[in-house]
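Here is the naming used below: chain letters follow the sequence lines, and residue numbers restart at 1 for every chain.
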Number of protein chains: 2
Amino acid sequence: MDHDEATTRLLDTAERLFYERGIQTVGMDEVRTASGVSLKRLYQCFPAKEALVVAYLRRRDTRWLSSLANFVAHHDPTDQIPAVFDWLHAWFSEPGFRGCAFINSAGELGATSPEVLAAVRDHKAAVREYLATLADQTNVPDLADHLNLLVEGAITTAAITGDPTTAHQARQAIELLLNRP
Amino acid sequence: MDHDEATTRLLDTAERLFYERGIQTVGMDEVRTASGVSLKRLYQCFPAKEALVVAYLRRRDTRWLSSLANFVAHHDPTDQIPAVFDWLHAWFSEPGFRGCAFINSAGELGATSPEVLAAVRDHKAAVREYLATLADQTNVPDLADHLNLLVEGAITTAAITGDPTTAHQARQAIELLLNRP
DNA sequence: TGCCGTGGAGAACGTTCGTTCTCTAGTGTA
DNA sequence: TACACTAGAGAACGAACGTTCTCCACGGCA
């Protein structure tokens with residue numbers, strides 16, 4: 001197994017374990033066992049646990065946003081904002097959905113690790129920016145802010161209640177805000 | 001120092017430390033030192049760390065909701081829903097604001113501790129129920145769900161960006177939803 | 001005074017964690 | 001064959017954690 005394959009296997013394993021159970025609950029030894037990468041190689045790829053956590057968050061950031069943007073792009077321009085919430089509904093319905101990995105990580109390590117906090121902030125800024133590109137096409141004032149709030153609220157609420165229809169509540173709200181006089 | 005005084009001092013200390021820095025980062029020894037309660041007494045009051053965490057969350061739940069409800073009750077019935085977001089703005093502006101203690105705790109321990117998760121779920125259900133009592137007076141359909149989403153979204157967003165005006169964005173959104181034809 | 005029960009300070013224990021070190025097996029090369 | 005190098009398995013280390021135990025000082029009561 002070479003360096004690159006080890007890196008992706010480590011990131012795959014870290015993403016699964018960290019998201020499922022939280023970061024501090026998962027030890028480096030468990031990452032090693034689950035990934036099949038030796039400890040020596042692990043510390044060659046990531047010099048410390050924090051580096052693995054940050055890399056996991058950075059990769060998840062781009063993948064998450066790409067998945068959302070790709071789904072939305074396959075809709076008519078007039079339907080793209082509601083489509084955001086259809087994508088959220090599908091995400092909320094996945095087995096093992098446990099809320100936003102970034103919010104969870106920030107709550108756990110945000111006060112301790114500035115690098116983790118920066119990764120979380122960068123992700124949320126990227127999400128806001130992407131949603132703003134959708135909202136700006138509507139000429140509805142302040143829609144970008146309201147869209148972002150509804151997205152964040154839906155993720156948080158669905159994480160705790162486990163109810164995917166939270167996404168439909170949010171979609172209904174944004175449609176009311178879209179169709180106002 | 002008697003049992004009751006020790007209990008409140010422990011809860012005060014636990015609330016401050018756990019909220020500031022996360023739960024797993026704070027050891028029982030630090031709770032002991034910061035509270036001035038001996039370890040023996042600590043384990044008399046709370047038989048394990050998990051019990052202290054749950055007690056901290058339960059007390060914070062009632063205090064948080066009481067504070068919000070008390071603030072809102074001092075407003076005219078027609079202004080009570082916007083008042084929710086004024087209260088949030090004041091909370092977001094407090095030094096040391098670090099988002100929702102329950103969301104943070106759930107992200108950290110929700111997958112590990114069913115008791116913590118139950119406390120978080122109970123809190124969020126109580127918040128939704130309280131907001132529903134406000135929304136139901138308006139006869140605007142589905143306002144309870146939308147209000148809850150905007151509240152949760154504002155808390156989450158303010159926690160990451162650190163920007164208290166997030167509360168005003170959410171208030172503007174709910175006012176649009178309130179005044180629709 | 002003598003005795004008993006409680007309480008505090010902190011040492012001690014067993015475990016877990018992040019990280020490093022050791023040993024050995026295997027591989028390519030002269 | 002002899003050698004240099006890499007990689008893997010896992011032991012080992014030092015620190016930190018949650019929890020328990022030991023020791024001693026003190027106060028109420030006979």
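- At whole-Å resolution of the value, CZ in B/Arg41 and C1' in D/dT19 are 18 Å apart.
- Remark: P of D/dG18 and CD of B/Gln24 are 9 Å apart, rounded to the nearest angstrom.
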Under the side chain to side chain contact (heavy atoms under 4.5 Å, CB included) criterion, do A/Ile155 and A/Ile103 qualify, and how do the steps go? CA-CA 10 Å; A/Ile155 296 173; A/Ile103 296 296; over 6 Å; no
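- Taking atom NE2 on B/His3 and atom P on C/dG5, their separation rounds to 20 Å, with Å as the unit.
- Note: B/Trp87 and B/Trp64 have perpendicular aromatic rings, judged against thresholds of 30 and 60 degrees for the angle between ring planes.
- Checking A/Asp163 against A/Thr165 by side-chain atom types alone, a donor-acceptor pair falls below 3.5 Å.
- Here C/dC17 presents its C1' atom at 15 Å from CG of A/Leu17, a figure rounded to the nearest Å.
- Within residues 26-38 of chain B, the residues that have a heavy atom under 4.0 Å from DNA chain D are, in order of number, B/Val26, B/Gly27, B/Met28.
- When each of A/Val116, A/Leu117, A/Val54, A/Val53 is tested with A/Ser105 by the rule side-chain contact (heavy atoms from CB on, under 4.5 Å), just one qualifies, namely A/Val116.
- Atom CG of B/Asp2 and atom P of C/dG8 are 10 Å apart (whole Å).
- Atom P of nucleotide D/dC13 and atom OH of A/Tyr43 are separated by 17 Å, given to the nearest angstrom.
- Ring pair A/Phe92/A/Phe97 is tilted by interplanar angle, where 30° to 60° counts as tilted.
- Counting only residues at least two apart or in different chains, side chain to side chain donor-acceptor pair (under 3.5 Å) contacts with residues 118-135 of chain A comprise A/Arg58-A/Asp122, A/Asp61-A/His123, A/Lys124-A/Glu152.
- D/dT6 atom P lies 19 Å from atom CG of A/Leu39, rounded to whole Å.
- No hydrogens or angles considered: nothing links the side chains of A/Thr157 and A/Thr166 as a donor-acceptor pair under 3.5 Å.
- Listed by residue number, the members of residues 45-60 of chain B with any heavy atom below 4.0 angstrom from DNA chain C form an empty set.
- Comparing D/dT19, D/dC23, C/dT19 against the side chain of B/Lys40 picks out D/dC23 as the nearest.
- Under a 3.5 Å cut-off, the side chain of A/Arg9 and the backbone N or O of A/Ser35 do form a donor-acceptor pair.
- With values rounded to the nearest 0.5 angstrom, B/Phe18 atom CZ is found 10.0 Å from B/Thr13 atom OG1.
- Atom CD of A/Gln44 is separated from atom C1' of D/dA9 by 14 Å (rounded to the nearest Å).
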